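Step one of this worksheet: look at the structure below.
Reckoned from all heavy atoms, side chains included, excluding hydrogens, waters and symmetry mates. Predicted, not measured: the structure shown is a model, and the values here were computed from it.
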Amino acid sequence: MASPKSRCSSFATTSRTHMRTSGWTIDDSFLTETKNTQNRKLSQKRKTLSCQFSSGDQLSPWPTYTSGQTILHNRKPCSYDYRKRAGSWLKQPLGITKPRYLERLENYLRKELLLLDLSTDSTQELRLQPYREIFEFFIEDFKTYKPLLSSIKNAYEVMLAHQREKIRALEPLKAKLVTVNEDCNERILAMRAEERYEISMLKREKMNLLKLIDKKNEEKISLQSEVSKLRKNLAEEYLRYLSERDARKILTADLNELRYQREDMSLAQSPGIWGEDPVKLTLALKMARQDLTRTQMELNTMKANFGDVVPRRDFEMQEKTNKELQEQLDSLRGDYEEVCKEHEILLQLHMTTLRERDQFHSELQEIQRTSTPRPDWSKCEDVVAGGPDRWQMLAEGKNSDQLVDVLLEEIGEGLLREKDFFPALGYGEDIPPLLRFDGLVENKKPSKKDVVNLLKDAWKLRLVEEQKEKFPDFFFSFLEHRFGPGEAMAWAYTIFENIKLFRSNEVMSQFYAVLMGKRSESVYIKQKETVAQLLKEMTNADSQNEGLITMENLSTVLKSTFPFKKEEKIQELMEAGGWHPNSSNADLINYPSLFIEDEEGQSMPFVQKLWEQYVDEKDEYLQELKQELGLELRDEVTLPKVREALMNIDPGLDKQTLNGYLSRAFQVPRTELPEEGEEKEDGIVVQLKIALERLQMTDIRRMGSREQEPAS
């Protein structure tokens, strides 16, 4: 049986261990003093309890002493002990008193609990101490059940330690929850303030609109009254003209009747005119003269009133003739406009032909100057790895310049494989930041496929993240994250040497241009967006979702996606997509196959042609800008002139895109660009060659046809 002192020492050690696991920090001197005190107390308590709780070497019988409190038995009827003592229990009364050993333990527990200081944060831990001591007494006294009770105690202690660790781990989450709650409350308050401001602005706008509605209603009422007045005046004028018309008709009837009467009188007087009375004749002559005067006056009045009146028949004939002439004029005007457009097209075609002629002439002169005998490329079949078959595959569809690049890549790939280390480039200012290093760098020797996949992963991460840092810094961070800080520099040099060598690979050449600052990454991003938009349009045109569209649908999609491409450019894209002169519009094409890439990142001819056309169109655009400026490359150009030239060659440019081009060409932030009309002639200037080179690096393309009117 272990001594009380040893039990107290082990308990102090156990308590100290649990307090450490619970996150408590206790001074060693304090623990030593506490340990000694507890040893003394436990020794005295153990001696006292050993005398009080037992008689001799055995526990006090159950039950023996009466204390006024009773307990009921709760044993299983099927147990052996129950069958053995059933007869004796039946003879005893139902209620029995609590044993003195249990009372002593309860009194001791109650006393220890009263002595505890419950005002500290570790109250629950302190309350467990008396219970541990009582359980220790049970373990020591009940020898038979000591292993079982010890394992139970240890299991509870382990669980308590686990729960303390869990609570300690949740404490930072509680603080974080409080912080998040405060942030959310601040956001809610800010949103409420913003909503109140928006509500006040909307109310103010509502009042202004109500005032405007009242003003418009007043104007409407005023206009309605004016219209009523005009209608009344029109009715009066109509009645006046109607009366005048009736009066003129009556006057005409009277004149006709008078004429008829005169003719009758002349016929009646003609047989005996020489036998009439002279006085009567004189009077008749006088009356006839008066009638003649009155009739002449009426005739003059009618001529004055109806002198400008045209007969309806003549009016209708003239109206018909005028309509025919107007139709002829409209037709001639339409023909004239078409002729003007054809003239403009012919002028543009003429300018294009002149540029092509000059270009071909310069190329011819260059070829005549540097021409050498055409090499026999079949000699390379035995040199290139893979033999004649692989060389035929590499040389298919390539000119001599491209074949030289292919041959150099094959030779360089072999040399690159032989190198185990690269000499670092140092820390010069002209060295890219991700390559600044001294010493030797290990060659990781990846395959071309591995390099292409790594570059694609870098592009994917770049597209989803915010582009805050420069591209070289981003790529080095990507390598550190992928391979670790220790291997990042070696992979940076390995990737750099590979993309510098394999210029014929699309993915590597574009990545090299962006990494070295020769091209903006917006060019690559815009090209990918264009290809994705084109694939989306073709998918929408595929109503059956079979991956097939007709040649007519392909032409329609290309024209709607690229409205400013010329017809021959659309024809080139269709030929790259599989169209040939013998094809009909109903022929089907598997459009997803136009956008697939091989394992080395090489695109299909359709996407390659799309990229070639983009490069050619950019060169033509910048050439038009240079011709519009009318300056030499070494001359300096001002910002207003470049703005005016861009608007002349591309009237469809919006303000935001135009400012982006100007900001790139003059290296000025958009916010600091002067507004149109506020520029000074001696303001921002730059050499034309430098401006064109900067625009060549960025994504620049035509936004409208040259005949389009400038956007207001």
Side-chain angles (χ1 to χ4, degrees), residues 405 408-409 411-525 601 663-669 672 686-687 689-699:
D405 293 337
L408 290 176
E409 289 180 5
I411 297 173
E413 184 178 6
L415 296 175
L416 193 62
R417 291 289 180 187
E418 296 176 358
K419 288 185 178 180
D420 294 329
F421 296 93
F422 299 114
L425 300 178
Y427 292 92
E429 293 293 333
D430 56 339
I431 304 301
L434 77 164
L435 299 177
R436 292 176 182 175
F437 188 74
D438 277 333
L440 294 177
V441 182
E442 181 185 0
N443 181 10
K444 295 298 180 178
K445 299 181 180 181
S447 64
K448 188 186 293 187
K449 178 182 177 181
D450 295 336
V451 175
V452 170
N453 292 334
L454 184 64
L455 299 182
K456 288 183 178 180
D457 293 341
W459 275 122
K460 290 178 182 178
L461 184 61
R462 184 64 169 176
L463 293 177
V464 299
E465 289 185 353
E466 296 183 1
Q467 302 176 6
K468 295 182 179 180
E469 55 183 346
K470 294 182 178 179
F471 190 79
D473 298 334
F474 156 77
F475 184 59
F476 192 75
S477 300
F478 169 78
L479 294 177
E480 287 182 335
H481 180 73
R482 174 68 70 89
F483 304 106
E487 299 291 332
M489 185 59 67
W491 276 101
Y493 269 88
T494 302
I495 297 299
F496 175 75
E497 292 295 334
N498 277 272
I499 63 178
K500 183 175 68 173
L501 175 63
F502 298 107
R503 297 294 183 88
S504 62
N505 186 281
E506 297 178 17
V507 178
M508 294 188 185
S509 62
Q510 293 186 12
F511 197 89
Y512 178 78
V514 175
L515 189 65
M516 301 304 294
K518 297 179 180 180
R519 184 180 299 154
S520 173
E521 58 184 298
S522 61
V523 176
Y524 176 84
I525 295 173
S663 173
R664 185 71 178 182
F666 291 89
Q667 296 293 300
V668 178
E672 299 180 8
V686 71
Q687 193 176 16
K689 180 181 179 181
I690 297 176
L692 293 177
E693 289 176 353
R694 291 171 178 173
L695 291 176
Q696 183 72 36
M697 292 168 56
T698 189
D699 178 49

Test log, rule side chain to side chain contact (heavy atoms under 4.5 Å, CB included), inputs Leu461 and Phe474 = CA-CA 10 Å; Leu461 184 61; Phe474 156 77; 4.0 Å; yes
Which donor-acceptor pairs under 3.5 Å do side chains of residues 426-437 form with protein atoms, sequence neighbours excluded?
residue: Arg436; atom: NE; partner: Ile431; partner atom: O; Å: 2.9
residue: Arg436; atom: NH2; partner: Glu429; partner atom: O; Å: 3.4
residue: Arg436; atom: NH2; partner: Ile431; partner atom: O; Å: 3.1

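- With rounding to the nearest 0.5 Å, the separation of CG in Asp473 from NZ in Lys470 is 7.0 Å.
- Atoms CG and CD, on Asn505 and Gln510 in that order, are 9.5 Å from each other to the nearest 0.5 Å.
- Within 6.0 Å of NZ on Lys449 lie no more than 12 heavy atoms contributed by other residues, nucleotides or ligands.
- With a 4.5 Å cut-off on side-chain heavy atoms, Leu455 and Ile495 count as touching.
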With side chain to side chain contact (heavy atoms under 4.5 Å, CB included) as the test, would you mind laying out the steps for Arg664 and Ser520 before giving the verdict?
-> CA-CA 10 Å; Arg664 185 71 178 182; Ser520 173; 4.2 Å; yes
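- Two residues are said to be in side-chain contact when any heavy atoms from C-beta on lie closer than 4.5 Å; Val523 and Val514 fail this criterion.
- The shortest side-chain heavy-atom distance between Phe502 and Ser509 does not fall under the 4.5 Å cut-off.
- Distance CG/Asp450 to NZ/Lys444: 13.5 Å, rounded to 0.5 Å.
- Here the CG-CD distance, from Leu692 to Gln687, works out to 10.0 Å after rounding to the nearest 0.5 Å.
- Under a 3.5 Å cut-off, the side chain of Asn498 and the backbone N or O of Thr494 do form a donor-acceptor pair.
- No more than 12 heavy-atom neighbours from other residues, nucleotides or ligands sit within 6.0 angstrom of NZ on Lys689.
- What you find for Leu440 and Pro423 is that their closest heavy atoms are CD2-CA, 4.0 Å.
- When all heavy atoms of Tyr493 and Ala424 are compared, the pair lying nearest together is OH-CA, 3.5 Å.
- Between Asp420 and Asn443 there is no side-chain heavy-atom pair separated by less than 4.5 Å.
- Surrounding NZ of Lys445 are more than 12 heavy atoms belonging to other residues, nucleotides or ligands, all under 6.0 Å away.
- Summarising the geometry, atom CG belonging to Leu501 is positioned 8.0 Å from atom NZ belonging to Lys448; distances are rounded to the nearest 0.5 Å.
- Interatomic distance, Lys518 NZ to Gln696 CD, rounded to the nearest 0.5 Å: 13.0 Å.
- With hydrogens and angles ignored, the 3.5 Å screen pairs no side-chain donor or acceptor of Thr698 with any backbone N or O of Leu695.
- Looking at every heavy atom in both residues, Ala691 comes nearest to Val686 through CB-CG1, 3.8 Å.
- Side-chain contact between Phe511 and Phe475: present, with at least one pair of heavy atoms (C-beta onward) separated by less than 4.5 Å.
- Ion pairing between Arg482 and Glu480 fails under the 4.0 Å rule for side-chain N and carboxylate O.
- The existence of a salt bridge linking Lys419 and Glu497 is excluded, since no basic side-chain nitrogen approaches an acidic carboxylate oxygen closer than 4.0 Å.
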Evaluation steps, side chain to side chain contact (heavy atoms under 4.5 Å, CB included), between Met516 and Phe496 | CA-CA 10 Å; Met516 301 304 294; Phe496 175 75; 3.6 Å; yes
Could you go through the side chain to side chain contact (heavy atoms under 4.5 Å, CB included) check for Val451 and Met508 one step at a time?
-> CA-CA 8 Å; Val451 175; Met508 294 188 185; 3.7 Å; yes
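- For the ring pair (Phe, Tyr, Trp, His ring centres under 6.0 Å) criterion with Phe471, the lone passing option out of Tyr512, Phe478, Trp459, Phe476 is Trp459.
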